[in-house]
Amino acid sequence: MIKSSSLRTILLSPRGGISAIVLLAVMICAVFAPLIAPYAYDIQSLRDANLNPSWKNWMGTDEFGRDLLSRMIYGARTSLSVALTAISISVAIGMSLGATAAYFGGAFDRLVTAVVDLTWSFPEILIALILIAIIGPGLNSTMIAISIAYLAQFTRLTRVQIMALKNETYVEATRSLGAGHAHIILRHLLPNALTPVIVAGMLATGDAIILEATLGFFGLGAQPPTPSWGAMMSSGTAQIFIAPWIIIFPGLAIAITVIAINLFGDAVIDVLDIRRQLRDS
Amino acid sequence: MALLSVTDLSVFIGRLKPLDGISFDIGKGEIVGMVGESGSGKSLTAMSVMGLLPLIGGKMTSGSIRFDGIDLATLPEPHYRALRGRRIALISQNPMTSLDPIIRIGAQIDQVSILHLGLSDAAARARSIDIMQQLRIPEAATVHGNYPHQLSGGMKQRVVIAMALAADPELMIADEPTTALDVTIQAQIIQIVVDLVRERGLSLLLITHDMGVVAQACDKVVVLYAGRVAETNGIDAIFGEPQHPYTRELIRCIPRHDQLRGSLTGIPGAVPSVMDYPSGCRFHPRCADALDICAGAIPALEQKAAGFAACHAAINAAGKVSAHG
Amino acid sequence: MADEAQAQLPSDNLVAVRDLTREYKSSGGLFSTVRSMRAVNEVSLDVPRGKVTGVVGESGCGKSTLARLVLRLIAPTAGRVMFNDTDLASLAPAQLRKLRRSMQMVFQDPYSAIDPRYTIRRALLEPFEVQGVALGKGEQEDRLLALISKVGLSPRMTESYPHQLSGGQKQRVGIARALALSPSFLVLDEPTASLDVSIQAQIIGLLEALKQELGLTYLFISHDLSLVRYFCDRIVVMYLGRVVEILPGARAEACHHYARTLMDSHFVPDPRHRKAVTPLVGEIPSPFNLPPGCAFAERCPAASPLCRRERPLLSEHATGHLVACHHPA
């Protein structure tokens with residue numbers, strides 16, 4: 001999908017390089033959390049509640065005396081895995097829907113377009129809140145809610161791509177060889193539509209991290225004691241005047257991760273020259 | 001004296017050099033055909049003469065373009081603007097994009113003579129309708145009030161030609177004016193343009209890839225290959241006694257209905273790209289007559305018979321090969 | 001006409017087309033009614049085995065739609081296409097897919113006829129994959145090299161992507177792909193229209209050689225009359241969806257006034273043979289609103305009231321020479 005020469009250009013640009021390092025660091029934290037975190041995320045010690053950052057607890061402790069750095073590292077795991085899983089599901093379903101609708105047309109296409117247009121006009125957070133209200137809070141619910149909230153975007157983007165691609169001569173040429181619909185969609189249309197959808201998915205992952213944090217902040221996401229950046233910020237609001245680091249560090253983590261994702265996405269868009277395709281949808 | 005005289009014109013776009021030492025003349029009242037395959041530099045030559053190179057980031061790096069004694073290469077843009085459309089008019093390839101879709105046909109033609117000739121609205125309208133009638137646009141007065149989308153492709157191209165003629169230019173440059181049209185329409189338009197140009201004593205640079213159109217319409221021909229002039233000569237000499245092997249082969253590539261089956265073979269190889277031109281004569285890798293020298297030295301455009309050819313073999317050889325032979 | 005054509009021995013014709021029609025409807029819009037037009041209108045023609053049948057006409061005459069109908073890439077509204085005496089409409093999808101091995105198409109635009117993400121190797125092996133022809137590793141390589149050399153490409157190009165090839169090379173790949181499954185019939189849809197003159201001649205030369213070597217039958221679609229007259233054994237002239245004339249040979253003189261206009265419009269590349277073009281009057285009628293009579297009557301120098309009233313049928317003018325005209329020249 002991305003040629004190695006393009007990848008090199010992206011990584012060697014200041015924007016792409018720095019953001020890639022940040023993202024890599026966050027991902028290492030997420031994957032190797034048990035190895036990196038100095039303490040377990042759920043060991044409470046009310047005696048050590050709301051400690052200032054120190055050599056022992058680099059980011060201090062929270063209101064239950066849990067090591068904040070450890071919770072931040074485990075929180076990265078929650079935020080990233082929820083966002084990535086949700087967006088992957090969303091991309092997969094959106095691409096299938098968009099591709100079949102565009103390729104076969106007809107009533108199914110009209111139905112998909114109508115639903116997409118309808119959901120498109122609501123903010124993602126509202127859709128997610130409504131869904132969680134129906135299925136109840138929790139990590140899995142957050143994942144499902146986020147993936148459905150972004151479904152319209154990927155369905156729409158894929159549909160526009162396939163609509164343009166299906167009239168290419170090579171599609172007709174392949175059909176004239178005797179190829180069936182599955183071959184044409186899977187071997188020709190989807191691979192050619194993939195790049196902009198994947199990039200849009202990458203950018204949406206940043207938004208999904210914020211959405212996950214927001215839901216967590218309202219207590220609708222990860223349930224205690226599982227750490228999530230949003231939920232940590234939420235509990236930090238109560239101690240904002242005595243222990244401001246409890247809210248500041250998760251907030252910074254969210255901001256830095258999302259900015260890094262957006263910068264990296266921008267670098268990819270520029271190098272692959274697909275800004276127009278993304279805007280057209 | 002020539003009305004337009006292009007000498008040793010070279011153009012750079014970035015680091016590429018798509019035009020390299022182009023020279024040719026157009027006399028008053030002459031119809032000159034400019035032929036060549038894709039990437040030969042035909043359209044770029046037209047843009048150079050029209051002073052439109054900056055639009056595509058092109059830069060003239062050497063040579064001169066003289067129009068009626070005026071050096072166009074150094075002409076400041078305000079003066080150029082007074083010349084462009086007034087004394088030199090361009091008919092572009094695609095009539096669909098040359099017309100403004102939301103302005104009536106008539107207003108678009110009128111505007112030219114109002115702007116360049118200072119005519120009143122009524123006089124401009126009368127003039128436009130007159131020109132449209134000369135171009136055999138039926139019911140010209142009605143069409144004058146139509147919008148472009150109401151006309152067929154052939155009619156639109158006639159309107160574009162009417163716009164070019166409205167300012168009473170001395171030189172017209174037609175860049176593949178009929179490529180987008182059907183053969184029957186193409187024949188009609190070529191006929192009308194040639195008749196009008198001859199009648200008014202205008203000069204015409206007709207850019208085309210169609211040797212049939214050239215044979216039908218032109219007095220002189222400039223053959224371009226890969227950004228250089230291969231040959232320039234009178235129409236009869238080009239077809240009867242082509243000096244450059246490329247001209248000869250190009251004519252042989254056109255199927256003739258009385259031709260023997262299997263005799264159409266084409267020119268081997270591919271048209272080179274501007275990114276990677278061969279050394280020496282740019283045609284040598286495809287040329288049957290190529291000598292050792294052709295790969296090393298760039299052949300100069302030298303006087304040969306009545307015209308000019310840039311070919312080592314043609315300069316050396318005594319015997320010539322005829323396209324009709 | 002249909003009867004006469006059918007009277008010929010069936011085995012002479014690899015493909016026979018009978019009363020083929022394809023209708024398109026314009027969706028109208030909010031305030032306009034749905035209108036319909038026939039891109040191909042009751043077309044009957046034969047494609048003799050081992051010969052080149054040319055279909056010539058201007059844009060909108062239906063020649064490209066006809067090409068797709070003949071290969072059943074689109075389904076006709078009415079009429080039949082017989083391939084080797086089999087009615088294509090009678091075949092189940094799986095049977096039709098299998099039959100596609102025998103009938104292939106070369107497309108007009110080589111620039112978009114190959115998936116930009118496919119290497120030449122992958123593009124040339126795709127026909128086998130699609131048809132479920134299992135090839136061993138060595139066999140794959142042999143077929144690939146045979147195809148590549150058949151169309152005059154270099155084996156070095158197998159790993160190239162389409163954008164690395166010139167237009168002529170891409171069209172050679174297109175031809176190789178069409179030949180991969182060893183078809184007996186090729187539809188050539190303006191295969192040289194987007195190529196330079198010197199390359200067009202190469203490709204025509206290649207197609208001629210391949211036809212000799214492989215005993216192929218061609219249906220050659222083109223707007224270029226001189227090319228059709230050079231390349232084809234029989235010429236079918238179309239105007240606004242209908243066949244107006246079928247010429248038995250390339251040298252045959254056209255009788256239909258539209259066919260004559262078409263031939264007249266062609267400029268010979270010889271300044272000694274300049275000609276005066278007779279001005280055409282009248283406009284081409286809208287395909288959505290064809291006149292009851294001959295569609296060419298408004299532009300025809302020989303048109304009579306009969307022509308405007310009654311549509312002339314395609315009938316035999318001389319042996320093998322069919323014309324649809326009340327007043328053939």
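Below, all heavy atoms of this structure are taken into account, side chains as well, without hydrogens, waters or symmetry copies.
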Interchain contact, [X] with chain C, by part (heavy-atom threshold 4.5 Å):
X	value
Gln191(B)	side chain
Leu181(B)	neither
Ser152(B)	side chain

At a 4.5 Å cut-off on heavy atoms, which part of [X] comes close to chain B: side chain, backbone, both, or neither?
X	result
Ser59(C)	both
Gln212(C)	neither
Glu208(C)	side chain
Cys232(C)	backbone

Please check if the side chain of [X] supplies one atom and the backbone of [Y] the other of a donor-acceptor pair under 3.5 Å.
X	Y	result
His256(C)	Ala324(C)	yes
Arg282(B)	Tyr277(B)	no
Lys211(C)	Gly50(C)	yes
Arg234(C)	Pro248(C)	no
Glu190(C)	Leu188(C)	no
His284(B)	Cys281(B)	yes

Pick from Arg251(C), His266(C), His223(C): which one has the most heavy-atom pairs with chain B under 4.5 Å?
->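 Most heavy-atom pairs within the cutoff with chain B belong to Arg251(C).
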
Pick whichever of Ser226(C), Gly205(C), Ala276(C) has the most heavy-atom pairs under 4.5 Å with chain B.
->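 Looking at each option in turn, the highest pair count goes to Ser226(C).
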
For chain C, which of Ile192(B), Asp195(B), Ile185(B), Val271(B) has the most heavy-atom pairs under 4.5 Å?
->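 Most heavy-atom pairs within the cutoff with chain C belong to Val271(B).
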
Flag the one option from Ala217(B), Ala270(B), Gly212(B), Ser273(B) with the top tally of heavy-atom pairs under 4.5 Å to chain C.
->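 Among the listed options, the one with the most contacts to chain C is Gly212(B).
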
Walk me through it: do Glu176(B) and Lys42(B) pass the test salt bridge (Lys or Arg N to Asp or Glu O under 4.0 Å)?
-> CA-CA 9 Å; Glu176(B) 307 253 11; Lys42(B) 301 177 304 242; 3.6 Å; yes

Would you call Asp189(C) and Lys63(C) a salt bridge, taking side-chain N to carboxylate O under 4.0 Å as the test?
->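 The answer is no: the pair does not qualify as a salt bridge.
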
